[in-house]
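Below: the structure, in structure tokens.
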Amino acid sequence: MRYIGVNGVLTEAAKAVIHVSDHGFLYGMGLFETFRTYKGVPFLLDRHLHRLKEGCRMLGIPFQPDEEQLTKHIQHLMAANGLNEAYIRYTVSAGEEALGLPSGDYTRPNHILFAKPLPSINTQPGQSSALQLLRTPRNTPEGEVRLKSLHYMNNILAKRELQQYAEAVHYKAEGIMLTANGFLAEGIVSNLFFVRNNTLYTPDLSTGILPGITREFILELADLRGIPCEQGLYHWDELKQADEIFMTNSIQEIRPVDLLLEPGEVASHLSVPLAQTESITALLLHDYRQKAGMK
């Protein structure tokens, strides 16, 4: 990564800095969005910017999205880094303020834009993967709804636990966290879906999960196909009885799961849903990539 966008300016990576008094650094006051491009165009950018705007409003960070201008900035950054397609991270931090908790709104936020190559795992859309049950519980949101904030310790602790399991490392598994009450929550970097008897299930937002952009989009695609959907409270044992399981995020799209791992237990194998072209997973992946302009 040769260049990073800093407040709208292409900046050499080694010179891309913010002040140590930025409250994003001091107190984690900031938000970010991650998304990818298809044919050089950011996908679902309007939705990402809407979520970012609402989060900034809650945190008292001034933010007025300009989708057209941001798209141009992303494309310039990609060109400077020699990328045709990219993994994009757009961060808005609170900005430099006096040391101490603020009593009012922020006034000078920093905007940081990263563009890097898509991970190799993304080169085969829909490739199956494993899911490891974690002991690290999903923490509760700081406010009424979970924001995609710079507070990421819970996710990092979960990732550190995941690396302790040899099978999980071998299969490059995603980790799944439960709530303090033992209900299925979400992955370290993804939302969870499963299918049972032709009905699509996903944990309810009341579990404290992130209201994922891809999660929302998948629910809409399922509705368009007339697939019954339920959002609720579910347990790990219910997941073991599923006909299909998949994880979603904006980079990996839909990631089918065919292996469930849990500490001290024998792994549970599922059939590969993409082997059946009429499976709900396969249908939704087809529709997703069609909407992204890849079909």
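The chain is numbered in sequence order, starting from 1.
Salt-bridge formation is not detected for the pair Glu33/Lys148: no Lys NZ or Arg NE/NH1/NH2 atom is positioned less than 4.0 Å from an Asp or Glu carboxylate oxygen. With respect to the salt-bridge test (charged N to carboxylate O, under 4.0 angstrom), the residues Arg196 and Glu238 do not qualify. A salt bridge does not link Arg255 with Glu174: none of the charged nitrogens is closer than 4.0 Å to a carboxylate oxygen. Under the 4.0 Å criterion applied to side-chain N and carboxylate O atoms, Glu54 and Arg57 are assigned as salt-bridge partners.
The nearest pair of heavy atoms linking Met1 to Phe114 is SD-CD2, 3.5 Å. Shown here for Met177 and Gly187, the closest heavy-atom pair between the two residues is CE-O, 3.8 Å. What you find for Asn155 and Ile188 is that their closest heavy atoms are ND2-O, 2.8 Å. Of all heavy-atom pairs between Ile251 and Arg36, the closest is O-CD, 3.9 Å. Closest non-hydrogen pair, Asp243 versus Asn197, comes out as OD2-N, 2.8 Å. Closest non-hydrogen pair, Ser93 versus Leu150, comes out as CB-CD1, 4.5 Å.
Taken together through direct or relayed side-chain contacts under 4.5 Å among Ile, Leu, Val, Met, Phe, Trp and Tyr, Leu239 and Leu162 form parts of separate hydrophobic clusters.
The closest donor-acceptor contact from the side chain of Glu97 to the backbone of His23 lies at 3.5 Å or more, if one exists at all. His235 places no side-chain N or O within 3.5 Å of a backbone atom of Asp237 that could act as its donor or acceptor partner. The main-chain N or O of Val189 is found under 3.5 Å from a side-chain atom of Asn249 such that the two form a donor-acceptor pair. The closest donor-acceptor contact from the side chain of Asn181 to the backbone of Phe183 lies at 3.5 Å or more, if one exists at all. Listed for the Thr199 side chain is no donor-acceptor partner under 3.5 Å among the backbone atoms of Cys229. When atom types are taken as modelled, the side chain of Thr136 and the backbone of Leu134 share no donor-acceptor pair closer than 3.5 angstrom. Here the side chain of His73 pairs no donor or acceptor atom with the backbone of Glu68 at under 3.5 angstrom.
For the pair Lys53 and Phe63, the cation does not sit on the ring face, since its NZ or CZ is not both under 6.0 Å from the ring centre and inside 45° of the axis. The side-chain tip of Arg108 does not point at the ring of Tyr106 from less than 6.0 angstrom away and within 45° of straight on.
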Next on the checklist: Between Glu262 and Lys240, is the salt bridge (Lys or Arg N to Asp or Glu O under 4.0 Å) condition met? List the steps.
Outcome noted: CA-CA 11 Å; Glu262 55 183 310; Lys240 292 169 70 173; 3.1 Å; yes

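Atom CD of Glu144 is surrounded by 12 or fewer heavy atoms from other residues, nucleotides or ligands within 6.0 Å.
Each ring pair (Phe, Tyr, Trp, His ring centres under 6.0 Å) pair with one or both residues in residues 150-182, not counting sequence neighbours, appears once here: Phe32-Tyr152.
Aromatic pair Tyr234/Phe194: ring centres closer than 6.0 Å.
Looking at heavy atoms from C-beta onward, Ile61 lies in side-chain contact with Val92 at the 4.5 angstrom threshold.
Under the ring pair (Phe, Tyr, Trp, His ring centres under 6.0 Å) rule, Phe217 has a single partner from Phe35, Phe193, Tyr288, which is Tyr288. Put simply, the residue from Arg225, Arg47, Lys291 that forms a salt bridge (charged side-chain N to carboxylate O under 4.0 Å, His left out) with Glu220 is Arg47.
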Residues 75-85, side-chain donor-acceptor partners within the protein, below 3.5 Å, at least two apart:
from: Gln75; atom 1: NE2; to: Gly40; atom 2: O; distance (Å): 3.3
from: His76; atom 1: ND1; to: Lys72; atom 2: O; distance (Å): 3.4
from: Asn81; atom 1: OD1; to: Arg2; atom 2: N; distance (Å): 2.8
from: Asn81; atom 1: OD1; to: Tyr3; atom 2: N; distance (Å): 2.9
from: Asn81; atom 1: ND2; to: Tyr3; atom 2: O; distance (Å): 3.1
from: Asn81; atom 1: ND2; to: Leu77; atom 2: O; distance (Å): 3.1
from: Glu85; atom 1: OE1; to: Thr37; atom 2: OG1; distance (Å): 2.6
from: Glu85; atom 1: OE1; to: Lys39; atom 2: N; distance (Å): 3.3
from: Glu85; atom 1: OE1; to: Gly40; atom 2: N; distance (Å): 3.1
from: Glu85; atom 1: OE2; to: Lys39; atom 2: N; distance (Å): 2.5

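Put simply, CG on Leu45 and CD on Glu67 are 4.5 Å apart, with the number rounded to the nearest 0.5 Å.
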